[in-house]
Chemist: 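Have a look at the structure that comes next, please.
Residue numbers start at 1 and run along the sequence shown. Every value quoted in this text rests on a predicted model; they were computed, and no experiment measured them. Note that ligands are numbered from 1 as they come in the structure, with each ligand's atoms numbered from 1 the same way.
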Amino acid sequence: MSSSRNLDLRWNEATQKFEYGANVFGPLPEHRRLDAIRASLLDPQCSGPDPVYSIVMDVGREEHKGELERRNLLFGVVSYPAGRLGREPVRSQGHIHKISAHSGWSAPELFEIWDGTAIIYAQESTSDDPGRCLAVTALPGDRVVVPPGWAHCVINANPHERMIFAACCDRDYGFVYDGVRARGGLAWFPILDENGGIRWESNPRYRSSCLEEHKARAYPELGLSDTSIYDQFAQAPESLQWVSEPSLFATVWRSFEL
Ligand SMILES: O=P(O)(O)OC[C@H]1O[C@](O)(CO)[C@@H](O)[C@@H]1O
């Protein structure tokens, strides 16, 4: 069982499900199978943990249901097993958020790591030139923000332990995979080295690019406090409104650093 950050839910390894505390709602997990994500892996024939990850979208405390809906916000939690996908760590496929009907923006996403070590990888575009490419390492309690319109994936950086994270996103979410799949993945593939560390290989189906790597940082310009993202929502729901209404920070996004 793993503990959550101020939302009473935990992953049960034996049942491969999330368990919800009193007054916490959430669905059964959707298990993403290995066959469903092969098109974006370095070795599409590889073997690895199956399911590759388990997702619950729309979790929260009963008392917040209305507020989440009114604000077009949604919390999800994702659990990744230990292991590897061939030479790669366990990871998601990579996608861009669809344009939201209510905002006209491809929404940003706010991640918070709960257990394990994650790398959030993001690139500006899935066209020939991927633009800026960044890999941000995040530990329990760290937050990472992927700005509007960027393609991204989430990686379990430690092949020896499970990784669990929460994300706050637009309730009108949808994932666009075309660009990523057409190029056989994102512009950089994470590779597990002999010592369990991560190195990167560029994807030759993109024009050459540089990869910047750094650790997670604070985001005062987005009004993120030190408390967990769910508690921040509970205490001041308007302070996360930018997730579903990115235009509130239109000027911030222009020079945003992950
Ligand atoms: O569809 P993909 O790219 O495999 O990623 C799915 C993941 O993306 C997320 O939105 C996080 O970016 C999670 O909900 C989910 O784990």
Side-chain angles (χ1 to χ4, degrees), residues 4 7 9 11 16-18 26-42 44 46 48-60 68 72-81 85 88-100 106-116 118-123 126 130 134-136 138 142-157 162-190 203 216 229-230 243-244 246 258:
S4 62
L7 188 60
L9 65 86
W11 174 254
Q16 298 282 295
K17 288 181 187 151
F18 285 95
L28 286 170
E30 185 185 331
H31 298 294
R32 184 73 72 247
R33 309 306 305 224
L34 182 52
D35 278 346
I37 77 159
R38 290 188 185 282
S40 64
L41 296 178
L42 177 62
C46 73
D50 197 3
V52 185
Y53 51 90
S54 305
I55 314 170
V56 285
M57 291 300 265
D58 202 9
V59 301
L68 285 164
N72 271 313
L73 291 172
L74 177 143
F75 284 87
V77 183
V78 192
S79 178
Y80 287 47
L85 299 169
E88 289 195 89
V90 174
R91 67 169 175 87
S92 60
Q93 304 163 81
H95 59 242
I96 297 177
H97 296 153
K98 73 161 194 189
I99 306 282
S100 258
S106 162
E109 186 160 352
L110 165 59
F111 296 94
E112 179 178 78
I113 310 312
W114 284 2
D115 281 331
I119 297 175
I120 317 294
Y121 168 84
Q123 65 187 51
T126 55
L134 286 110
V136 181
D142 285 343
R143 268 70 61 82
V144 180
V145 174
V146 171
W150 285 49
H152 56 280
C153 74
V154 181
I155 299 158
N156 180 358
R162 184 167 283 278
M163 188 272 285
I164 297 179
F165 68 91
C168 180
C169 62
D170 190 335
R171 180 162 280 277
D172 179 25
Y173 70 93
F175 304 149
V176 180
Y177 296 104
D178 310 0
V180 176
R181 288 184 181 155
R183 292 180 195 278
L186 291 158
W188 290 88
F189 293 108
N203 180 343
I229 57 173
Y230 196 85
V243 173
S244 59
L258 260 83

Chemist: Note the single closest protein heavy atom to atom 2 (P) of ligand 1, along with its residue, its atom name and the distance in Å.
Modeler: Y53 OH, 3.2 Å
Chemist: Determine the minimum heavy-atom distance between P29 and S54, stating which atoms define it.
Modeler: CB-CB, 4.1 Å
Chemist: With sequence neighbours left out, what residues match E88 under salt bridge (Lys or Arg N to Asp or Glu O under 4.0 Å)?
Modeler: R91
Chemist: Check ligand 1 against F175 and write out every atom of the ligand that is under 4.0 Å from a heavy-atom position of the residue.
Modeler: 1 (O), 10 (O)
Chemist: Check ligand 1 against Q93 and write out every atom of the ligand that is under 4.0 Å from a heavy-atom position of the residue.
Modeler: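 Here the atoms of ligand 1 in question are 1 (O), 2 (P), 3 (O), 4 (O).
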Chemist: Give the numbers and elements of all ligand 1 atoms closer than 4.0 Å to a heavy atom of H152.
Modeler: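 Those of ligand 1 that fall under 4.0 Å from H152 are 12 (O).
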Chemist: At a 4.0 Å cut-off, with the gap strictly under it, does some heavy atom of R91 reach an atom of ligand 1?
Modeler: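 Not so, R91 does not reach ligand 1.
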Chemist: What do you reckon, does Y177 put a non-hydrogen atom under 4.0 Å from ligand 1?
Modeler: yes
Chemist: Would you call the rings of F18 and W11 parallel, tilted or perpendicular if under 30° counts as parallel and over 60° as perpendicular?
Modeler: perpendicular
Chemist: Quick one: which of H95, E109, E30, M57 has a heavy atom closest to atom 3 (O) of ligand 1?
Modeler: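 It is H95 whose heavy atom sits nearest to atom 3 (O) of ligand 1.
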Chemist: N/O of G94 under 3.5 Å from N/O of ligand 1, yes or no?
Modeler: yes
Chemist: Would a 4.5 Å heavy-atom cut-off, applied to side chains only, mark N156 and P89 as touching?
Modeler: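 No, their side chains stay 4.5 Å or more apart.
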Chemist: Taking the side chain from R181 and the backbone from I37, do they hold a donor-acceptor pair closer than 3.5 Å?
Modeler: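 Checked: no pair found.
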Chemist: Indicate the ring-plane relationship of H95 and H97, choosing parallel, tilted or perpendicular according to the 30° and 60° boundaries.
Modeler: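 Answer is tilted, since the angle falls between 30° and 60°.
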Chemist: Starting from atom 15 (C) of ligand 1, find the nearest protein heavy-atom neighbour and note its residue, name and distance.
Modeler: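 Residue, atom and distance for the closest contact: I55 CD1, 3.8 Å.
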Chemist: Check each of V154, I164, V78 against Y53 using the side chain to side chain contact (heavy atoms under 4.5 Å, CB included) test, and report the only one that passes.
Modeler: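 Exactly one option meets the side chain to side chain contact (heavy atoms under 4.5 Å, CB included) with Y53, and it is V78.
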Chemist: Among all protein heavy atoms, pick out the one at the shortest distance from atom 13 (C) of ligand 1; state its residue, atom name and that distance to 0.1 Å.
Modeler: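 Sorting protein heavy atoms by distance from atom 13 (C) of ligand 1 puts V78 CG2, 3.8 Å first.
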